[in-house]
Amino acid sequence: MCHVIVTCRSMLWTLLSIVVAFAELIAFMSADWLVGKAKPRGSAEPGEQGGGSPEPHHPTLGIYARCIRNPGVQHFQRETLCGPYAETFGEIASGFWQATAIFLAVGIFILCMVALVSVFTMCVQSIMKKSIFNVCGLLQGIAGLFLILGLILYPAGWGCQKAIGYCGHYASAYKPGDCSLGWAFYTAIGGTVLTFICAVFSAQAEIATSSDKVQEEIEEGKNLICLL
């Protein structure tokens, strides 16, 4: 019979695990990793022809996506067009960014799997005598290492031609030139920090769900156990 065990620490760990997975996924898919220098009216976007806008526009560039000014802004409500600039993996602008994409994708995949499993920890706390919390915490630590590797390699690709087109000729490895860092990069960093916090907090969730108070409630025959 399933004993549903809910504690503050286990619920907090579950919520953080879900938030971290979604934050990293959204950051990875976003084009707001680099914010390019302002493009005044009548100037062309990197790799685009013509177009104009009444106000300066800051194009953005992600690992495989970009946002540029809509050349037909006078006819459409959307002022920017966002989408992938790379249709295949080989078209990603830099070899460093390709490596970044691989490391981030692996880390995010692990985080998503942990987030899915964490929902069921209220009912199942162990598999084959192994604590799910401890296993998930270990996986989150491994995912965090993949994320760190990806974030370290990402700035090394700022010297590629695609980045130079957005950030000027002073852009080089670990030097963004005229670009500034976008919210997606900071979100990825924050998510990585939270990933390690989740890994540590999983141990606290394990302690909370295996405490003497929980065992007493189970022995009394209760199927729903809620503890602060």
Side-chain angles (χ1 to χ4, degrees), residues 13-36 45-47 58-68 78 80-119 136-167 171 173-177 179-199 201-202:
W13 173 77
T14 298
L15 291 175
L16 281 177
S17 297
I18 295 172
V19 168
V20 165
F22 273 103
E24 289 290 347
L25 181 60
I26 291 173
F28 178 72
M29 297 174 63
S30 173
D32 292 301
W33 285 70
L34 282 176
V35 180
E45 301 291 351
H58 292 271
T60 59
L61 180 64
I63 298 172
Y64 67 92
R66 56 91 180 98
C67 285
I68 60 173
R78 293 186 61 185
T80 59
L81 292 176
C82 297
Y85 68 81
E87 296 182 357
T88 64
F89 181 78
E91 293 180 357
I92 293 178
S94 167
F96 290 109
W97 289 3
Q98 292 175 354
T100 294
I102 292 174
F103 285 124
L104 292 185
V106 172
I108 291 170
F109 176 78
I110 296 174
L111 290 179
C112 288
M113 292 299 100
V114 171
L116 179 63
V117 171
S118 69
V119 176
C136 287
L138 176 61
L139 290 175
Q140 286 175 325
I142 294 173
L145 294 177
F146 278 107
L147 296 177
I148 287 177
L149 288 174
L151 292 175
I152 290 175
L153 290 174
Y154 170 70
W158 289 347
C160 68
Q161 289 301 313
K162 191 75 174 179
I164 290 175
Y166 280 73
C167 305
Y174 297 96
K175 295 181 180 179
C179 284
S180 59
L181 298 177
W183 64 265
F185 182 75
Y186 292 113
T187 299
I189 292 177
T192 301
V193 174
L194 283 178
T195 296
F196 286 104
I197 292 177
C198 285
F201 206 72
S202 65

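Note that the coordinates shown come from a computational prediction; the quantities given were computed from them, not determined experimentally.
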To the closest 0.5 Å, what do you measure between [atom1] ([X]) and [atom2] ([Y])?
{"X": "Y85", "Y": "E91", "atom1": "OH", "atom2": "CD", "answer": "9.5 Å"}
{"X": "I142", "Y": "I110", "atom1": "CD1", "atom2": "CD1", "answer": "6.0 Å"}
{"X": "E24", "Y": "L194", "atom1": "CD", "atom2": "CG", "answer": "9.0 Å"}
{"X": "F28", "Y": "I108", "atom1": "CZ", "atom2": "CD1", "answer": "6.0 Å"}
{"X": "L34", "Y": "L61", "atom1": "CG", "atom2": "CG", "answer": "6.0 Å"}

Is any side-chain heavy atom of [X] less than 4.5 Å from a side-chain heavy atom of [Y]?
{"X": "I63", "Y": "L104", "value": "yes"}
{"X": "F196", "Y": "L145", "value": "yes"}
{"X": "L181", "Y": "V35", "value": "no"}
{"X": "I152", "Y": "I148", "value": "yes"}
{"X": "Q140", "Y": "S17", "value": "yes"}
{"X": "I92", "Y": "K162", "value": "no"}
{"X": "T187", "Y": "I26", "value": "no"}
{"X": "C179", "Y": "W158", "value": "no"}

Heavy-atom pair of closest approach, residues [X] and [Y]:
{"X": "V114", "Y": "C136", "value": "CG1-CB, 3.8 Å"}
{"X": "L153", "Y": "A99", "value": "CD1-CB, 3.7 Å"}
{"X": "G36", "Y": "H58", "value": "O-ND1, 3.0 Å"}
{"X": "Y166", "Y": "R66", "value": "OH-CB, 3.5 Å"}
{"X": "I164", "Y": "G159", "value": "CD1-O, 3.4 Å"}
{"X": "W13", "Y": "S202", "value": "NE1-CB, 3.4 Å"}

request  = Kindly assign one of parallel, tilted or perpendicular to the pair Y154 and W97, based on the angle between their ring planes and the thresholds 30° and 60°.
outcome  =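 Judged by the thresholds at 30° and 60°, the geometry between Y154 and W97 is parallel.
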Crowded around [X] [atom1]? As in, over 12 foreign heavy atoms under 6.0 Å?
{"X": "M113", "atom1": "CE", "value": "yes"}
{"X": "F146", "atom1": "CZ", "value": "no"}
{"X": "Y174", "atom1": "OH", "value": "yes"}
{"X": "F201", "atom1": "CZ", "value": "yes"}

query = So among L147, I18, L25, V106, which one has a side-chain contact (heavy atoms from CB on, under 4.5 Å) with L111?
reply =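 Answer after filtering L147, I18, L25, V106: L147.
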message = Donor-acceptor check, side chain of S30 to backbone of A27, threshold 3.5 angstrom: yes or no?
response =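 Here the side-chain-to-backbone pair does not exist.
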query = Under 3.5 Å, is there a donor-acceptor pair between the side chain of W33 and the main chain of G182?
reply =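 No: the side chain of W33 does not pair with the backbone of G182.
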